[in-house]
Each structure stands twice: as C-alpha cells, then as structure tokens.
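The structure appears right after this line, and notes come after that.
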Protein chains: 2
Amino acid sequence: MPSYPQPIVTVDVVLLTLIDGELSTALVQREHAPHAGEWTLPGGWVHTDEDEDALAAAVRILKAKAGVTSPYLEQLQTFASRHRDNRGWSVSIAYYALLPHELVEGRAAAQVTPIATTPHIKWRGVDDIRSLPFDHLEILRTAVDRVRSKTLYSALPVHLMPQAFTLSELQRVYEQLLGGPLDKRGFRRRIEELDIIEPAPREPGTREAHRPAQHYRVKRRAARLLPTAPRNLDVKSA
Amino acid sequence: MPSYPQPIVTVDVVLLTLIDGELSTALVQREHAPHAGEWTLPGGWVHTDEDEDALAAAVRILKAKAGVTSPYLEQLQTFASRHRDNRGWSVSIAYYALLPHELVEGRAAAQVTPIATTPHIKWRGVDDIRSLPFDHLEILRTAVDRVRSKTLYSALPVHLMPQAFTLSELQRVYEQLLGGPLDKRGFRRRIEELDIIEPAPREPGTREAHRPAQHYRVKRRAARLLPTAPRNLDVKSA
DNA sequence: TTAATAGTGTCTGTCAGACACTATGTG
DNA sequence: CACATAGTGTCTGACAGACACTATTAA
C-alpha cells in the first residue's frame, strides 16, 4: 500500500441541455468551503461504500444534485493535479451528460418553469459562463468542445431532443451547435444513414397553417450507442 | 473532507511500439502482492509529493519502469471501480504512449537486442496477449482500439516511426495497423494533406539495387499535435 | 388561393479508389 | 540492359453541396 498521502477523488458532471435553443449547463451552489456559496458543476466524492464504479457515482451525483436520472452519460476526461483544488492533490473524473430539456425538473413540469428549478441549481448558457471555481471552466469547455466535435460526425445531439421531434427541429439544434446554416437535403441524408432515429406515430398534433412534419424518436437499440468515427482510409477491397 | 474511505489512485501506461512490424506493448513484472511475479502494464501510485499532475506521474512511471523518456503520451481513459483491484475501490488513470522502436532501451542499442531489455520488462505483440492481471487487458484493448481508430483519420502512427523514415515504410505500418493493403496513391495524398511530416536531408544511405526513397521526419510544430477529427457536416458557405 | 413549412429530385464539382505509368538507383 | 522500388498522372464512380421543385396543411 502507498506510503504517500493519497489524492482526493471526486466525480464532476457537465450536464447539458438546450434552453430556448441555447446549449446550457447546470450549476449548483456549493454548501461548504472552499468556494462556499459559489456556483460550480455538480460533483462529489466517490462513495466507496455505495458506488460500484465511477459511472455509478456520476449517476448518483446527477440524481442528488440535479434531480435528474439516467440521461446520456459518458466519461469525458480526468483532471488530476496538485493545483486544481487548494485542499491538495485531487482527481476529478469528469463526465458529461445530455438531457432533453423536457426532463429538467421532472416531466413536463419544466414546460411551465423552464429555467429555474430547485433552490440550489441554475442553468446558464455555456458561452455566457466566463469563470468557475476550481478548474471547472476548463472541464466545461472540454465537454462543450467534445459535444460540438461529435455533432460533426454523429447523431449525438438527438439526446438533447424531446421524446418525439421533427427533422426540422433537429436541424435547428445542429445549426445552433455548429454555428451556421446546414443544407436541408444533405442534413437529412446524413441523419438517415446514421440510422439512429425512427418515425414515431403521429400525435394528435397542434393544428398549424402548414404541412405537419413527421415525428421521430431515438431508436431503442441505438439509444446509448455512440456512432464510431468515420473511416477516412479504406483498406482495399479484396 | 470526505468521511468515506478514499479510493486508491494509480496511473497505468500502455506503452506501444512496433517490433518486427507488429504492434507490441511493454509488460513489467510485479514485485509485490497482489499478483507478485506476474506481468502487467507499467503503473504505479500517484506520488502526491513529487508529481505535479497525472501526466507527470505517467512520465515518471515510464522512466522508472520502462526506462523510457517522453514519447508521444496521451490520456486514454480512467478505469475506476470497486472490483478492478482486490485491495479495494481503486482508480486507474490510464495513458497510452507511442514509442519509436529505436528508442527502446535507449538509442540504437535496441538494434542489437531488439526484444528483451531490462530484467523486469518484456515486449509482447498486443494480439498475442490473452490475459493480464486486474483489468489491464481491458485497458490494453482500449488503447489499441484507440490507436487503430486514430490511424484511420490521423497521422498518429508517425510517432511509432524512427527519426527518419520513408513513405513506403510508413505505409507498411498503416497497413499493419489497419489489417489490409492500402493504395499507394491515396495513402500519399492523405499523408501529404495532414501536413505533419517534412522531407529530411538524405542520409549517406545504404546502396541498394533500386531507386532510393526520400526520407521524412515529423515536423517540429506538429510533433505533439493531434489532428482533429474530420468534419463531415459543413456549414454552408456564406 | 395563399402562406408556410415539410419533404424530394437532381445537377454538378470534388475527391477517393484504382491502376497504369514514369523515375531512379544498382548490378 | 534488367530489376526493384519510388513516385506521379489520370480516369471514373460515388457522393456531398447546392438549389429548385413538389407536397400538405390551415386560413
């Protein structure tokens, strides 16, 4: 066993959702020093007595601090150094989670109070956040870069959508994340070949003065499946 | 501060090189229980008194256990659970490193004894390894998958090459990693546009009965730069 | 019929795969 | 010259970008 003082181990989660079309992250208010009262990413110690692994810790923390269950959740990166926390050498196993906005604060209740939720949580546009305690800004930036990067070649953003959504809505989300307009034809071609969504039964629907759109939902099988990166070098066909 | 027993924190490194064209990894012999005498990935505790961060710990461990300095080194993934080590809840911040074979056991000495090196280190082809203590096989597989995946769209394998190499040699490495023949023309087009290598001054050269090849070296600026993933969705030109 | 959004047909330039060709060294 | 490997020219099919067109609803 080690004779050195061991680092402190925490799990921090970048919880992302879309609020009014803007990519936003959950911040929670710290109760204890250091940085008591300040807003940080939801995080906490690993509970070695109840968490099976780091992912389980992330799930527990999301539930406890943000009141949210089981969205898309993936390990991001581990931040570990002597300087990131003034209590000493510390390790943060960082995760990022994507959440349909409708699930913020449980079910459709969010439709009524879309921004504020529990007393100690708030949502902020990721590009409006200029500083955070510890190295949480770096963690946030890393997560956002990852999401935007994966948007380029995967269907990751479907996990930000409500249970049923139209292709036009999905395209607007992509355009928001990528920062520019996309061609409708090309967008639909690509989404289709990613094969991650399927038509959903038409709902009674709001009556609007134009052609109603087909609704889609994430395929069950694909729900947690990450598309692999594209091959750019193909071995010759035999 | 946490009232729970804290996890044990280690750093493990998957050190990869090419031996006779085969992707191989370094294994070191454990001195202490558990698994004393068995071969595992080089790893060790984080030394909170001397390591600035996890990367520094990886560098130190590589030097101490494998006698190797400063190859390409990148964080892979963190493996953290109650079950991976029977001493209790443990965290492994895993790194992977790429090493030109000529640097194994320092300089060109490796040319003479290419396989065996120090008493407590050995090299094995990654596909020949069927089991390892702890979850080291999973860590190894994850690293190999990552390298092979990045080979598809980046110039990562140049870090496995000696200081100067020809495009034909590089292509053979790619073919080895990807498991099939590549078209010469397409391969050279792609490497060129990655813009990561530059012509090296011709060496006196071995006299062979055919046209000699241009030698290349990794560009200084690009030495540690990872190419970004390709964009497959382009925002419309304004 | 108009307005508005959903959804499709299709042209075209680009580019990767394929492969044949030329280049340059030694014996 | 032959031979072997290095390196390039170039054809072609596939496909992504672009954009115009049709479809479908309510007012």
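Only heavy atoms go into these numbers, but all of them, side chains included; no hydrogens, no water, no symmetry mates. Every chain is numbered from 1 and lettered A, B, ... according to where its sequence line falls, protein lines coming before strand lines.
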By the salt bridge (charged side-chain N to carboxylate O under 4.0 Å, His left out) test, which pairs, at least two apart or in different chains, include something from residues 159-171 of chain B?
none
Figure out the CZ/P separation between R211(A) and dG7(C), and round it to whole Å.
6 Å
N/O-N/O pairs, protein side and nucleotides 10-13 of chain C side, under 3.5 Å:
| unit_1 | atom_1 | unit_2 | atom_2 | d |
| --- | --- | --- | --- | --- |
| dT10(C) | O4 | R189(A) | NH1 | 3.4 |

Whole Å only: how far is the CZ atom of R207(A) from the P atom of dA6(C)?
17 Å
Return whichever of A209(A) or A213(A) has its heavy-atom-nearest nucleotide of DNA chain C closer to the 5' end.
A209(A)
Tell me, please, which residues at least two apart from E192(A) pass salt bridge (charged side-chain N to carboxylate O under 4.0 Å, His left out).
none
Does dA6(C) have OP1 or OP2 under 4.0 Å away from a side-chain N or O of S168(A)?
yes
Could you give the NE2-to-P distance, from H215(B) to dG25(C), as a whole number of Å?
14 Å
Do other residues, nucleotides or ligands put more than 12 heavy atoms under 6.0 Å from Q163(A) CD?
no
Proximity to the side chain of E193(A) - top-ranked nucleotide from dA6(D), dA16(D), dT26(C)
dA16(D)
How long is the line joining CG of L182(A) and C1' of dG7(C), in whole Å?
17 Å
Please report, rounded to the nearest Å, how far the P atom of dG7(C) is from the CD1 atom of I191(A).
14 Å
Would Y174(B) and F187(B) count as a ring-ring contact (aromatic ring centres under 6.0 Å, His included) here? Give the steps.
CA-CA 9 Å; Y174(B) 270 72; F187(B) 177 77; 5.0 Å; yes
Calculate the interatomic distance between D183(A) atom CG and dA6(C) atom P; express it in whole Å.
15 Å
Atom-pair distance (CD on E169(B); P on dA4(D)), nearest Å
19 Å
Could you pull out all residues at least two apart from D127(A) that satisfy salt bridge (charged side-chain N to carboxylate O under 4.0 Å, His left out)?
R148(A)
What pairs with R141(B) under salt bridge (charged side-chain N to carboxylate O under 4.0 Å, His left out), at least two apart in sequence or on another chain?
none
From the candidates dA18(D), dT26(C), dA4(D), the one with an atom nearest any side-chain atom of H210(B) is dA4(D)
Could you please name the option among dG7(C), dA26(D), dT8(D) that lies closest to any side-chain atom of R188(B)?
dT8(D)
Gap between atoms NZ and P, on K184(B) and dA18(C) respectively (whole Å):
15 Å
Tell me every residue that passes salt bridge (charged side-chain N to carboxylate O under 4.0 Å, His left out) with R188(B), counting only those two or more places apart in sequence or in another chain.
none
